[in-house]
Amino acid sequence: MAPPTLGDEQVVCGPDWPEASAGGKVVSLASPSGRYDLGALARRLPSDQQPDVVVCLVDASLRNEPRNLGRFTCPKVLLVADTHHLDDPIVKLVRYARSEPFDRVVLVYDRHHHLFFRAAGIASLFWFPGLTFPHGDAEVRAARSAARARGLAFVGQASDLHPRRARLAAALAASGLPFEIRRLSQADGLRFYGGRTCGFNASLNADLNLRVFEILASGAALLTDALGKESGLDAVGADGRELLTYRSEEDLIEKARALMADPRLAEDIGRRGAAWFDSHFSAEARRAAFRALAFDGVAPPAFPLPSSAETPPADSDKLKRTIRAYQKLQEIHRVAETAVISAPAALPSWVRALCETLPRIRWAPEGAPEADFRGASLDS
């Protein structure tokens with residue numbers, strides 16, 4: 001994945017980047033995989049390229065784990081990615097965020113996990129979905145074809161690692177609808193969406209993923225799975241206006257048939273989605289919002305982080321137990337179409353609120369034999 005362009009000049013570091021220069025400037029530095037000293041890496045930069053801002057994009061794999069952030073006197077920003085899957089994801093990222101002197105902590109894909117970061121005492125917390133979108137405005141405009149092929153486009157993985165997405169993609173393929181699934185580079189993927197009337201999205205696990213922004217940018221009508229209220233999907237567009245959501249396999253097929261049967265409907269949704277993107281998410285809008293966040297601690301106007309009284313307890317040991325119980329629930333949710341939660345009548349409201357950050361849950365009485373998860377374990 002290409003890095004986002006956050007400034008006029010930037011140096012990209014990481015385990016997948018080469019040692020490279022252009023025009024007498026360092027453009028990328030290779031780091032070890034896993035934990036490494038970013039301060040030592042930065043000392044290799046010439047004096048005129050010492051950073052004004054340090055941005056660390058880290059997910060729960062911890063394959064990129066920069067350390068020694070205290071060496072920098074400029075603003076230090078952590079972009080928190082992918083806490084919705086992998087092993088012990090929320091615990092790892094909360095621990096990492098607290099272990100280095102970050103000035104800003106930014107949730108990129110999982111706004112609904114802000115409750116845990118707040119409970120852990122991380123005060124300078126923000127939300128900036130789609131910040132990893134790598135394309136400039138010229139690329140976006142060029143991708144929007146004036147003559148689009150009728151069909152549903154999908155770029156990405158629908159393998160055994162993505163069980164629900166694989167089921168939904170198989171249902172679309174069996175429906176007889178014009179559905180195309182491809183593995184492409186990000187640039188080719190944007191053009192692929194831009195040449196089709198509709199783009200299909202299925203989150204991996206209730207995350208507001210980058211594909212949402214790619215399809216909106218392309219001008220294709222976005223057909224995406226409904227997420228929980230805490231996800232922030234409604235900040236990107238209204239259901240039935242800038243995008244269209246589905247809640248089940250049957251609902252997906254019905255909505256896809258409606259889009260294929262009514263080209264004007266698909267065109268209108270795609271046009272309004274593109275207009276939202278151009279108005280709120282152009283390259284300059286993204287960069288200006290990021291500068292304000294990094295230097296001044298100002299939240300992006302389009303993406304305020306909600307305040308909620310329904311947070312887990314702040315006691316560190318209990319919070320860790322709560323997070324680990326929630327991680328078990330979200331892993332059930334990742335694999336199953338519906339996660340059934342048994343709940344006693346006196347279940348605390350904050351526990352119910354945590355469970356309902358996941359959109360495909362069903363409540364059952366305490367002790368129900370069909371339950372996949374005990375809601376009371378979040379308050380143990």
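Computed from heavy atoms alone, side chains included, the values below leave out hydrogens, waters and symmetry copies.
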To the nearest 0.5 Å, atom CZ of R247 lies from atom NZ of K255 at 8.5 Å
CD (Q330) and CG (D207) are apart, to the nearest 0.5 Å, by 9.5 Å
Determine, stepwise, if the pair V77 / F126 fulfils side-chain contact (heavy atoms from CB on, under 4.5 Å).
CA-CA 10 Å; V77 182; F126 301 86; over 6 Å; no
Closest non-hydrogen atoms of P3 and P134, given as atom of the first, atom of the second and distance, are O-CB, 3.9 Å
Exercise for review: Might you confirm whether atom CG of D160 has over 12 heavy atoms from other residues, nucleotides or ligands at distances under 6.0 Å?
Suggested key: no
Please work out whether the ring planes of Y109 and H84 are parallel, tilted or perpendicular, with thresholds of 30° and 60°. perpendicular
Closest non-hydrogen atoms of T197 and A266, given as atom of the first, atom of the second and distance, are O-CB, 4.3 Å
### Query
Are D225 and R165 close enough, and set up right, to give a salt bridge (Lys or Arg N to Asp or Glu O under 4.0 Å), and what steps lead you there?
CA-CA 10 Å; D225 51 331; R165 185 185 296 163; over 6 Å; no
Between D379 and K318, does any NZ, NE, NH1 or NH2 come within less than 4.0 Å of an OD or OE carboxylate oxygen?
yes
Closest non-hydrogen contact found for V335 with P163 is CA-CG, 3.9 Å
Heavy-atom closest pair (L107 atom, W127 atom, distance to 0.1 Å) is O-CD1, 3.3 Å
Applying ring pair (Phe, Tyr, Trp, His ring centres under 6.0 Å) to H85 and not counting sequence neighbours gives none
Checklist entry - Going by atom types only, do E214 and H135 share a side-chain donor-acceptor pair under 3.5 Å? => result no
Report the C-alpha distance between L222 and V236 in whole Å, list the side-chain angles of each, state the deciding distance to 0.1 Å, and finish with yes or no for side-chain contact (heavy atoms from CB on, under 4.5 Å). CA-CA 11 Å; L222 170 61; V236 174; 5.7 Å; no
In this structure, OG of S248 is separated from CZ of R360 (nearest 0.5 Å) by 11.0 Å
Students should find that the hydrophobic cluster of V298, defined by side-chain heavy atoms under 4.5 Å apart, otherwise consists of none
Side-chain donor or acceptor of R104 paired with backbone N/O of A294 under 3.5 Å: yes
Problem set entry | Cationic N near anionic O, under 4.0 Å, E100 to K76 | no
> Should we say atom CZ of R167 is surrounded by more than 12 heavy atoms from elsewhere, each under 6.0 Å from it?
Replying inline: yes
Output for pair (L378 CG, Y326 OH), nearest 0.5 Å, gives 9.0 Å
* Asked: Without hydrogens or angle criteria, can the side chains of R164 and S203 be said to hold a donor-acceptor pair below 3.5 Å?
  -> no
Across all chains, not counting sequence neighbours, the side chain to side chain contact (heavy atoms under 4.5 Å, CB included) partners of P301 are none
Q: Might you work through the salt bridge (Lys or Arg N to Asp or Glu O under 4.0 Å) test for R334 and E331, ending with a clear yes or no?
A: CA-CA 5 Å; R334 183 184 72 85; E331 180 60 15; 2.7 Å; yes
Worksheet entry | Pairing of K229 and D234 as salt bridge, 4.0 angstrom limit | no
In terms of hydrophobic clustering (I, L, V, M, F, W, Y; side-chain heavy atoms under 4.5 Å; direct or indirect links), are V58 and L204 co-clustered? no
(message) Count I, L, V, M, F, W, Y as connected when their side-chain heavy atoms are under 4.5 Å apart, and connections chain through other members. Are L208 and L86 then in the same cluster?
(response) no
Identify whether V55 and F295 are in the same connected component of the hydrophobic contact network (ILVMFWY, side-chain heavy atoms under 4.5 Å).
yes
Quiz item: Do NZ/NE/NH1/NH2 and the carboxylate oxygens of R71 and D37 come within less than 4.0 Å?
Solution: no
| field | D239 versus T245, side-chain donor and acceptor atoms under 3.5 Å | value | yes
Item to check | Check: V26 main-chain N/O paired with Q49 side-chain donor or acceptor under 3.5 Å | outcome: yes
Cation over ring, R241 on W276, under 6.0 Å and within 45°? no
Neighbour count >12 (heavy atoms, 6.0 Å) for atom NZ, K25:
yes
Closest heavy-atom pair, A289 versus P300, reported as atoms and distance to 0.1 Å, is CB-CB, 4.3 Å
Kindly say whether the aromatic ring centers of F373 and H333 come within a distance under 6.0 Å. no
The salt bridge (Lys or Arg N to Asp or Glu O under 4.0 Å) partner of D278 among R141, R286, R144, R271 is R144
Determine, stepwise, if the pair D188 / R182 fulfils side-chain contact (heavy atoms from CB on, under 4.5 Å). CA-CA 10 Å; D188 288 341; R182 296 189 185 178; over 6 Å; no
Report task. Applying salt bridge (Lys or Arg N to Asp or Glu O under 4.0 Å), run through K320 and D317 and close with a yes or a no. Result -> CA-CA 5 Å; K320 188 179 292 187; D317 289 336; 5.8 Å; no
Besides L244, the hydrophobic cluster formed by Ile, Leu, Val, Met, Phe, Trp and Tyr side chains linked at under 4.5 Å, directly or via other members, contains L152, F154, L168, L172, L177, F179, I181, F200, L223, Y246, L252, I253, L259, M260, L265, I269
Ring pair (Phe, Tyr, Trp, His ring centres under 6.0 Å) filter on F102, not counting sequence neighbours, yields Y96
Going by atom types only, do N68 and Y36 share a side-chain donor-acceptor pair under 3.5 Å?
no
All heavy atoms of A274 vs all of G219, minimum pair found to be CB-CA, 4.0 Å
Sequence neighbours excluded, the answer for side chain to side chain contact (heavy atoms under 4.5 Å, CB included) partners of A368 is A364, P365, E370
**Item:** Cluster overlap L69 with L29, hydrophobic side-chain contacts below 4.5 Å
**Value:** yes
